[in-house]
Trainee: 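My questions will all concern the structure given below.
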Amino acid sequence: MTVHRPKSRALFDSAILVQAAKESVLKLDPRLLARNPVMFTTAVVAVLSTLLSVRDAVEGTAFSGVMVQVSAWLWITVLFANFAEAVAEGRGKAQAASLRRSKTEAKAHKIDSIEATKATAIPASQLKAGDLVACAADDVIPGDGDVVAGIAMVDESAITGESAPVIRESGGDRSAVTGGTRVVSDRIVVRITANPGETFLDRMIALVEGAKRQKTPNEIALNILLVGMTLIFLIVVATLPAFASWSGAVIPVVFLTALFVTLIPTTIGGLLSAIGIAGMDRLVKFNVIAKSGRSVEAAGDIDVLLLDKTGTITWGARQASEFLPAPGVGERELAQAAFLASLADETPEGKSIVALAANHFGFKAPKGADIGIIPFTAQTRMSGVDLEGSQIRKGAWDAIQAYVAERAGSTLGGAPRELVSLVEKVAKSGGTPLVVARDGRHLGVVHLKDIVKPGIRERFATLRAMGIRTVMITGDNPLTAAAIAAEAGVDDFLAEATPEKKLELIRQYQSGGRLVAMCGDGSNDAPALAQADVGVAMNTGTQAAREAGNMVDLESDPTKLIEIVMIGKQMLISRGALTTFSIANDVAKYFAIIPALFLTAYPQLQALNIMHLASPQSAILSAIIFNALIIVALIPLALKGVAYRPVGAEALLRRNLLVYGLGGLAMPFAGIKLVDLAVNFLGLV
Amino acid sequence: MDAYGLLLLILFIALVVGLTPLVGGYMARLFEGQPLLLSRLLGPVERGLYRLAGVDPGREQHWSAYAGAFLIFHLAGVLLLYGLQRLQGFLPLNPADMAAVPSDLAFNTAVSFVTNTNWQNYGGESSMSYLVQMVGFTVQNFLSSAAGIAAAAAVIRGFARRESGTVGNFYVDLVRITLYLLLPICFVGALLLVWLGVPQNFDAYTEATTLEGVRQIIAQGPVASQMMIKHLGTNGGGFFNANAAHPFENPSALVNLIHMVCIFLLGAGLTNTFGRMVKDQRQGWALLAAMGLLFIAGAFISIWAEAQGNPALTQLGLQNMGNMEGKEARFGIVASALFAAITTATSCGAVIAMHDSFTPLGGLIPLINMSLGEVVIGGVGSGLYGMIVFVLIALFIAGLMVGRTPEYLGKKIEAREMKLAVIAILATPIAVLGAGAVAMILPIAQASIAAPGPHGLSEVLYAFLSAGNNNGSAFGGLSGNTPFFNTAMALSMLIGRFAFVIPVLAIAGAMAAKKSAPPSAGTFPTHGMLFIGILVGVVLVVGGLTYFPVLALGPIVEHLALSSGTLF
């Protein structure tokens, strides 16, 4: 069990940065800016302040130099926010470009019916849902679809990065193929299921490019809060001249605009969309395609995770775990017999017996010995070897019992009571007892069991710390299921699961107000995938499952849900942290600007100038410069996301509040002071 | 703070905290429609009122119907009260032959009492008949409080219910709250006050000749009955112009303590009601703790600042006994400063001292208490639902940082709730800063401002903070009874009440309709110290960011100037 690591890429690529710099100017288009209310407001203020400073510069009013600089920094603030978004998009585009390469040149061999042999070649981009195409060896599959005839090996490395080809066949749970993948051998007929522009590849490209990105629910809610704060500050700043006039203070409009822009949440406003785009980008790097940003965000809210046992929690095949000798038999003797009986056994169970015995006792396969292999048959339900005149057999309890009885020429029931209890013990623990006999004598039992993947217990513990309940789904009987559930450390299990029972379980959790995630691959998973709040379909699964889920894992790794949940949480945390930071920053800005605004009317307010900024002009300029620079400084954080640690909510919050709340409170005091020193050193005022 | 001050503060807090679960539990049963001790006695009255009004007590309302009823009820109240004042000359119970109240003043006063603000631009004993005082003001004292508590009940139900389309019935809430909560407490309380020396009569004013031989007219009337509801319902409208500084309203230290506890009683109790109804009393205690922290900090600063007195006097070589200017000698500095903190923390507005004469810092605390949006206990009902709006905002910002869609009591805070919460918190800045700014620049308004410079600004700011937050206490110094201030402040009160309560009721409706997710290790617990800290922080930051610039121009600069010897 490995923790997934995304494909790595440097955080900043110079080509992306250059492109982003150009984009940030293009994004000044008011129609694009209007998508981001805070930045749109900033831009409006920048226009206003530019006009005023031009007027003042022409008239030669006092401070006009500062006013021109303030206006310039207002524009820079907007540009920096655009730049953040453009960098995030640029990184997505780089990813999309490599995907798109596999898309462009494909030609489709369209056929009229499954039996038809005559194909017409058309460009892949003209295929519609329902079309049939034939794909022979070395053909690129032209679009997403279902295999309706034939069986083939398909190389999906272009999409998944996994180099070993996989089998795709009609019917069953391995019928879905993805556009852009390549047939390695044989010929299949594919019914196309996606119209042009709607394939997985198209969706993936659209998501990482961010162009058609829809805002997620929390992003919308946060935007509303940011607009609300902007309005409050608008009221505060707009009424200030009236209050100041009572004391005879006149505040230059440009200073007011500076106050307004530094107060409104430009930091989070400028980085909000970058956070969203970067989150999707991270997901794609984990080889997961989400059909919408909404589902990624929902993943962060998941309370219950349903996981299939086989292949997710256990390796799937049963493995030998211990040798339980019958009374009067040594463990070594039993192990040796089991080892010999399994030498020719190619099943995973047989191989695991050989491996276990060889590991414990260092047995080696006898060379040149006279070995007669007795294969497993449906009649005897045993297998084994005849070795130098001695018969070794292994099989199910009743089969061996019958064999021993026959050899001994006696009636049934001759087995020692201790052996019977060993068999029962293994069965009760959820394992499968495999009985070994030599020459009509019971040697003991090999305990075969589902082996829980190493490390999975820790991952479930992590999930529990995140507040997520894990539920194992299995077709096993409740006894077996309970044993494995206990071993794997899941919180609950559903035994003897059927598609209906799964669906019922999901509904039951949802009616209790919980959000449920599950992953599945088969057609019978489709209803449950559709019902779940987050349904992750395996790419190897059926087209029905892939359509029903709201995410597709290209690597078909069910444990990846954990990473998806983490990415969802990280997106939310990044937004919350930067919002907190942005609001906390305002305190220092007040202390910088308020004394500066009213210094002439009330010199006493100099006491509030606790940063000891050199002059009112430099104070205002420093605040606005700091406000712009902090956006750029936080771009890496927005792109990488705030670190998420699976600890309890309270501990997580305490830590983030300390860093982004208190940090946001204290940091700008130092930052503005430093900028003020620089401004005065450079003689900008 | 001396030992007496500390003792008074501790006694006060102990009484409030001790009474909170009692009152809270009673109100929870009241809101849930359970039979109460007085049901047997008052049940027929309750049912009779429903029949009379044609209300089906079993039929609950959607939040919009609830809000509609709330609005119509207030509108009717304004019209009735306006009519009473204008026609008092023709109506009975007018022994002092008061003439009709001028229209702008009548409008201001009607809005003021109906919105539970109780700002008084009139002198009670010189302009209002007994009929207006009793049928108008005292009735509105009950009804405006009951309406506020009813709105809080709807909000509590919003959080307590799951997937419900209704939030209660406004008329049923109004009747039950008045009948089973306000009337019984006031009845018993008024008798207690009469026993302690507060007058209750319908006599004409007494003419007396003082020892100096000066003729004096002693105003009196049904005072005790109005005193209880004035404080219990955080109304604050005094019977006399001097409000609770008047010896007939507030004859002794014991009565003063009763008044103070009554002001906090229902507001504090509602937090417990909230906790009980959402099935986790800790949630209520957490809200009360956040309110308590803000209150105690304010009270300490206020008492300390008043005890310090005026440094200018010390510089003149005078003995500094603390700042006694504008204070009733019977109460002294500590009680006056504490009462000021209490009356502004809640939206009561009763006063026992002139806040205008406080030191800048001492006067800053009442201003800050109001600028925080009257959520430190707050007005009856409005304090709780105001605080819940802050809870939603605090949890939205902080909640994102735990990596989940923010939620409160298992209910997700989504775009709709955020929109409504934002509308609500925008209401008061508009009502306060918008109207205040107009007053600062209009010449007709400027004429009413007594003091120049920052102190004059404080007077206006205080008036609009008081109006916009439906507090009703006055700073003094401002001649508010002018057509401009009467109208502007009435508008400010209306915005502060309705632009806040309507979105809040909508939030209640949205929350009631939601499912509630059970808490897990991933949800942030809203009953611990961290939550209390965050809530206090958000209340301070939102209030601070909104009002800091104006406060800097008013009391802050005044304080800084005072330290350097300049007075305004």
Side-chain angles (χ1 to χ4, degrees), chain A residues 217-218 220-222 224-225 227-228 231-233 235-236 239-240 242-247 263 297 300-301 303 464-469 512-515 568-570 572-573 575-577 579-580 583-584 586-587 590 594 598 602 604-605 607-608 644 648-650 652-654 656-657 660-661, chain B residues 162 393 396-406 410 413-415 417-419 421-423 425-426 429-430 433-434 436-438 440-441 446 453-454 456-457 460-461 515-518 520-525 528 530 534 537 541 544-546 548-550 552-553 556-557 560-561 564 566:
Chain A
N218 276 308
I220 294 170
L222 181 56
I224 291 169
L225 180 70
V227 170
L231 287 175
I232 289 184
F233 287 125
I235 298 168
V236 171
T239 55
L240 200 52
F243 287 109
S245 71
W246 177 253
S247 311
L263 289 180
E297 208 176 72
D301 284 346
D303 303 293
R464 201 166 302 117
M466 288 156 76
I468 296 171
R469 193 179 163 79
R514 291 185 165 92
L515 288 183
K569 285 190 180 294
Q570 217 180 10
L572 294 179
I573 294 174
R575 288 192 196 123
T579 307
T580 308
I583 297 171
D586 282 355
V587 175
Y590 264 146
I594 293 293
F598 306 124
Y602 297 122
Q604 298 91 341
L605 284 176
L608 295 180
Y644 172 73
E650 186 149 1
L652 191 65
L653 183 56
R654 185 171 290 125
N656 284 334
L657 267 180
Y660 299 99
Chain B
R162 292 173 186 187
I393 289 171
F396 186 80
I397 299 169
L400 280 176
M401 281 195 287
V402 304
R404 286 173 67 94
T405 297
I413 306 167
E414 292 167 291
E417 291 77 52
M418 223 46 230
K419 200 180 292 176
V422 161
I423 293 173
I425 57 164
L426 272 172
I430 291 174
L433 293 178
V438 173
M440 294 313 310
I441 47 174
Q446 287 173 342
L457 185 129
V460 174
L461 181 65
K515 285 179 188 169
S516 167
S520 74
T523 43
F524 168 52
L530 187 59
I534 291 171
V541 164
L545 291 181
T546 312
F548 182 77
V550 187
L553 284 173
I556 294 177
V557 75
L560 294 171
S564 57
T566 316

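All chains are named by letter (A, B, ...) in the order of the sequence lines, taking the proteins before the strands, and each is independently numbered beginning at 1.
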Trainee: Chain A: which of I441(B), L457(B), V438(B) shares the most heavy-atom pairs with it under 4.5 Å?
Mentor: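 Result: the option with the highest number of such pairs is L457(B).
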Trainee: Which residue out of M440(B), M401(B), E414(B), R162(B) racks up the most heavy-atom pairs below 4.5 Å with chain A?
Mentor: M401(B)
Trainee: Closest approach of K515(B) and G513(A), non-hydrogen atoms and distance?
Mentor: CD-CA, 4.1 Å
Trainee: Is I534(B) in contact with chain A via its backbone, its side chain, both, or neither, using a 4.5 Å heavy-atom distance?
Mentor: side chain
Trainee: Looking only at heavy atoms, what is the nearest atom pair of R404(B) and G300(A), with distance?
Mentor: CG-O, 3.7 Å
Trainee: Compare every heavy atom of L653(A) with every heavy atom of A398(B), then report the nearest pair and how far apart it is.
Mentor: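 So the minimum-distance heavy-atom pair works out to O-CD1, 3.3 Å.
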Trainee: Heavy-atom distance under 4.5 Å to chain B: side chain of L222(A), backbone, both or neither?
Mentor: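 Answer is both: backbone and side chain atoms of L222(A) are under 4.5 Å from chain B.
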Trainee: Identify the residue among I583(A), I232(A), V236(A) that makes a side-chain contact (heavy atoms from CB on, under 4.5 Å) with L545(B).
Mentor: I583(A)
Trainee: Between chain A and each of V422(B), V460(B), I413(B), L433(B), count heavy-atom pairs under 4.5 Å; write down the option with the most.
Mentor: L433(B)
Trainee: Under a 4.5 Å cutoff for heavy-atom pairs, which residue among G399(B), A421(B), S516(B) has the most contacts with chain A?
Mentor: S516(B)
Trainee: What part of F243(A) is in contact with chain B, defined as an atom under 4.5 angstrom from a non-hydrogen atom: side chain, backbone, both or neither?
Mentor: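 Contact with chain B: backbone and side chain both.
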Trainee: What's the shortest heavy-atom distance between L608(A) and F548(B), and which atoms?
Mentor: CD1-CZ, 4.0 Å
Trainee: Work out which heavy atom in A552(B) is nearest to a heavy atom in I594(A); give both atom names and the distance.
Mentor: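 Looking at all heavy atoms of both residues, the shortest contact is CB-CG2, 3.8 Å.
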Trainee: Less than 4.5 Å apart, side chain to side chain, heavy atoms only: is that true for L240(A) and L553(B)?
Mentor: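 Yes, close enough: below the 4.5 Å cut-off.
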Trainee: Which one, Y644(A), Y660(A), F598(A), leads in non-hydrogen pairs under 4.5 Å with chain B?
Mentor: F598(A)
Trainee: Kindly compute the distance separating NZ (K569(A)) from CG (L400(B)), expressed to the nearest 0.5 Å.
Mentor: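 That separation rounds to 11.5 Å.
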Trainee: Can you tell me which portion of R464(A) sits under 4.5 Å from chain B's heavy atoms? Options are side chain, backbone, both or neither.
Mentor: backbone
Trainee: Need one label for A584(A): side chain, backbone, both or neither, based on atoms under 4.5 Å from any heavy atom in chain B.
Mentor: neither
Trainee: Which heavy atom in N218(A) sits nearest to a heavy atom in P406(B), and how many Å separate them?
Mentor: OD1-CD, 3.6 Å
Trainee: For T580(A), is it the side chain, the backbone, both, or neither that has a heavy atom closer than 4.5 Å to a heavy atom of chain B?
Mentor: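 Contact with chain B: backbone and side chain both.
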Trainee: Between P429(B), P518(B), S520(B), which shows the greatest number of heavy-atom pairs under 4.5 Å with chain A?
Mentor: P518(B)
Trainee: Any idea which of T579(A), I220(A), L657(A) has the most non-hydrogen atom pairs under 4.5 angstrom with chain B?
Mentor: L657(A)
Trainee: Below 4.5 Å from any heavy atom of chain A, which atoms of I423(B) appear? Answer side chain, backbone, both or neither.
Mentor: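 Contact with chain A is absent: no heavy atom of I423(B) under 4.5 Å.
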Trainee: Would you please name every residue forming a side chain to side chain donor-acceptor pair (under 3.5 Å) with D586(A), sequence neighbours left out?
Mentor: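 Applying side chain to side chain donor-acceptor pair (under 3.5 Å) to D586(A) gives none.
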Trainee: With a 4.5 angstrom heavy-atom cut-off, could you sort out which part of F524(B) is near chain A: side chain, backbone, both or neither?
Mentor: both
Trainee: Less than 4.5 Å to any heavy atom of chain A: does that hold for the side chain of T546(B), its backbone, both, or neither?
Mentor: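 Both the backbone and the side chain of T546(B) come within 4.5 Å of chain A.
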Trainee: Could you pull out all residues at least two apart from E417(B) that satisfy side chain to side chain donor-acceptor pair (under 3.5 Å)?
Mentor: K514(B)
Trainee: Could you have a look at G434(B), G436(B), G537(B) and say which one has the most heavy-atom pairs with chain A under 4.5 angstrom?
Mentor: G436(B)
Trainee: Check step by step if side-chain contact (heavy atoms from CB on, under 4.5 Å) holds for I235(A) and L426(B).
Mentor: CA-CA 9 Å; I235(A) 298 168; L426(B) 272 172; 3.9 Å; yes
